[in-house]
Protein chains: 2
Amino acid sequence: MNNTKYDALKLENQICFPLYACSREIVKRYKPFLEEIDLTYTQYITMMVMWEKKCVNVKELGESLYLDSGTLTPLLKKLEAKGFLTRKRSDQDERNLIVTITEEGEKMKEKAVDIPFKMAGCTNLTEEEGMMLYRILYKILGNDL
Amino acid sequence: MNNTKYDALKLENQICFPLYACSREIVKRYKPFLEEIDLTYTQYITMMVMWEKKCVNVKELGESLYLDSGTLTPLLKKLEAKGFLTRKRSDQDERNLIVTITEEGEKMKEKAVDIPFKMAGCTNLTEEEGMMLYRILYKILGNDL
DNA sequence: CTCTATTGAATTGTGCACAATTTAATTATA
DNA sequence: TATAATTAAATTGTGCACAATTCAATAGAG
């Protein structure tokens, strides 16, 4: 029993710190696989949205990824330069930038399709732990305090 | 039942994505509290180590925080400029840089001490969920695959 | 004791994140 | 319908992260 009012300031008593460390750690484990298809992690999750939706504006993309235009604008320009998507203003409302996946972007999906399975071996969680983690993380994300 | 081999590439089926989003989300919730004491989140967890250890070299600090010298060197220079710590090469082994907390850095602790309690209200997890999350995250971090 | 290998920080360069501001387009209102 | 308010992206500036390289100091092998 050596509790002090400072215990709450110890690194080992934080919940945010392992979250932050873990996030970076897993992104690091993705890196070798993502390098093979010339994507960074953020570009990869962006492509995931594109593979599903084919066509979105920056705002929708930002809501899906919890990212803003300050992050997305330069990132989308890079993905456009790589040929995976196109960027074009909407005719109906020129404030909106429409991002559309290209043929080449679609082809990428074939090269990406085994990454999730390769990554599955990179964590030592049981299926139950994985589901629990998933549920708790989305509970936090859903909490708009 | 519309399962395809592409389901594993959907954003909603990722475990890493909510981890990444959640980590950033919580750091964002810290920001208003940390601004009051003029620290960024990374500077804050660095100070946590300093409050506990008083004196460490960059390597030890990096092991505690899962960060390397590329991140820590500029960060420590900023904390030194703010007067919270000093940086000095070891006499025994000049390769080592000894980081030591200052009187002023110690005083900061008083101003930081209620941040964990303020943050506690910022997540909607039960105590059990918090403990579960903590356990699972450290299980991943401990896994040196 | 000298040469080589290793170690610990610092440096360099790239890519996010994000707050804050700006710009242009659209909508709402007096 | 002018004007004000709002909206969507882009821009600007700061601060990480991190791979890769460099540099200086020390340890180890012959």
Side-chain angles (χ1 to χ4, degrees), chain A residues 16-17 19-32 34-35 38-47 56-82 85-99, chain B residues 16-17 19-32 34-35 38-47 56-82 85-99:
Chain A
C16 184
F17 171 67
L19 199 57
Y20 157 80
C22 222
S23 167
R24 289 183 295 117
E25 174 60 30
I26 297 212
V27 168
K28 227 179 287 182
R29 291 183 196 173
Y30 267 102
K31 186 163 279 194
L34 292 178
E35 273 172 355
D38 187 29
L39 290 180
T40 65
Y41 180 73
T42 315
Q43 290 168 10
Y44 174 60
I45 58 175
T46 301
M47 289 307 296
V56 282
N57 63 39
V58 174
K59 181 179 160 58
E60 289 164 344
L61 197 53
E63 283 165 358
S64 299
L65 299 174
Y66 301 86
L67 291 170
D68 70 7
S69 67
T71 302
L72 288 174
T73 295
L75 187 137
L76 292 171
K77 285 180 180 173
K78 276 171 207 160
L79 286 175
E80 184 180 41
K82 291 182 188 186
L85 48 81
T86 59
R87 298 164 65 250
K88 186 182 171 307
R89 292 280 169 182
S90 165
D91 289 335
Q92 289 76 43
D93 185 340
E94 292 204 8
R95 287 173 303 183
N96 286 283
L97 186 98
I98 310 294
V99 183
Chain B
C16 183
F17 171 66
L19 199 55
Y20 156 80
C22 224
S23 166
R24 289 183 297 115
E25 174 60 29
I26 298 214
V27 169
K28 227 179 286 183
R29 291 182 197 173
Y30 268 102
K31 185 164 282 195
L34 292 178
E35 272 172 355
D38 188 30
L39 290 180
T40 64
Y41 180 73
T42 315
Q43 290 167 10
Y44 173 60
I45 57 175
T46 302
M47 288 308 294
V56 283
N57 63 38
V58 174
K59 183 178 159 55
E60 288 163 345
L61 198 53
E63 283 165 359
S64 299
L65 298 173
Y66 301 86
L67 292 170
D68 70 6
S69 67
T71 301
L72 289 175
T73 296
L75 187 135
L76 292 172
K77 285 180 180 173
K78 276 171 208 163
L79 286 175
E80 184 181 40
K82 292 181 187 186
L85 48 80
T86 59
R87 298 164 64 253
K88 186 181 173 309
R89 292 280 168 184
S90 163
D91 289 335
Q92 288 77 45
D93 185 341
E94 292 206 7
R95 287 173 302 182
N96 286 284
L97 185 97
I98 309 294
V99 182

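Naming convention: chains lettered A, B, ... in sequence-line order (proteins, then strands); numbering from 1 in each chain.
Neither OP1 nor OP2 of C:dA24 sits under 4.0 Å from any side-chain N or O of A:R89. OP1 or OP2 of D:dC18 has at least one side-chain nitrogen or oxygen of A:R24 nearer than 4.0 Å. Contact between the side-chain N/O atoms of A:N96 and the OP1/OP2 oxygens of D:dT7 is not found at any separation under 4.0 Å. For the OP1/OP2 pair of D:dA9 and a distance below 4.0 Å, the side-chain nitrogens and oxygens of A:N57 include at least one atom meeting the criterion. An OP1 or OP2 oxygen of D:dC16 is reached within less than 4.0 angstrom by a side-chain nitrogen or oxygen of B:K78. Using a 4.0 Å cut-off, some side-chain N or O of A:Y20 falls inside it from OP1 or OP2 of D:dA17. When the side-chain nitrogen and oxygen atoms of A:K77 are compared with OP1 and OP2 of D:dA10, none of them lie within a distance under 4.0 Å. Distances shown here put a side-chain N or O of A:Q43 below 4.0 Å from the OP1 or OP2 atom of C:dC16. At the phosphate of D:dC18, neither OP1 nor OP2 sits under 4.0 Å from any side-chain N or O atom of A:R29. Considering only side-chain N and O atoms, A:T40 lies under 4.0 angstrom from the phosphate OP1 or OP2 of C:dC16.
The side chain of B:R95 approaches C:dG8 more closely than any other nucleotide in the set C:dC16, D:dT7, C:dG8. Taking the side chain of A:D93 as heavy atoms from C-beta on, and the options C:dT26, D:dA9, D:dA19, the nearest nucleotide is C:dT26. Residue B:V58 has its side chain nearest to C:dA10 when only C:dA10, D:dA10, D:dT7 are considered. Distances from the side chain of A:T73 to the nucleotides D:dA10, D:dC16, C:dA9 place D:dA10 closest. Closest contact between the side chain of B:T71 and the listed nucleotides C:dT26, D:dA17, C:dT11 involves D:dA17. Proximity note for B:K28 (side chain, C-beta onward) versus D:dA19, C:dA19, C:dC16: the nearest is C:dA19. Listed nucleotides C:dA17, C:dA25, C:dA19 differ in distance to B:K31; the shortest reach to its side chain belongs to C:dA19. In the set D:dC16, C:dA25, C:dA17, C:dA25 carries the atom at the smallest distance from any side-chain atom of A:E94. Distance from the side chain of B:K59 is smallest for C:dA9 among the nucleotides D:dT11, C:dG15, C:dA9.
Remark: P of D:dT12 and CG of A:L72 are 18 Å apart, rounded to the nearest angstrom. A:L67 has its CG atom 17 Å from the P atom of D:dA8, to the nearest Å. Between B:L79 atom CG and D:dG15 atom C1' there is a gap of 12 Å when expressed in whole angstrom units. Rounded to whole Å, the distance from CG on B:D68 to P on C:dG8 is 13 Å. Atom CG in B:L75 sits about 14 Å away from atom P in C:dT11, given to the nearest Å.
Look at A:E63 and A:K59 and you find a salt bridge, because one of the NZ, NE, NH1 or NH2 atoms lies within 4.0 Å of a carboxylate O, short of that distance. Comment: B:E25 engages B:R29 in a salt bridge, judged by a side-chain N to carboxylate O separation of less than 4.0 angstrom.
In this structure, B:K88 and B:L97 have side chains that are not in contact, with every pair of non-hydrogen atoms separated by 4.5 Å or more.
If B:L97 and A:S69 are placed on DNA chain C by their nearest nucleotide, the residue sitting closer to the 5' end is B:L97. Checking A:D91 against A:T42, the closest nucleotide of DNA chain C that is more toward the 5' end is the one next to A:T42.
Ring-centre distance between B:Y66 and A:Y20: not below the 6.0 Å cut-off.
Here the side chain of A:E94 pairs no donor or acceptor atom with the backbone of A:R89 at under 3.5 angstrom.
Distance CG/B:L67 to OG1/B:T42: 7.0 Å, rounded to 0.5 Å.
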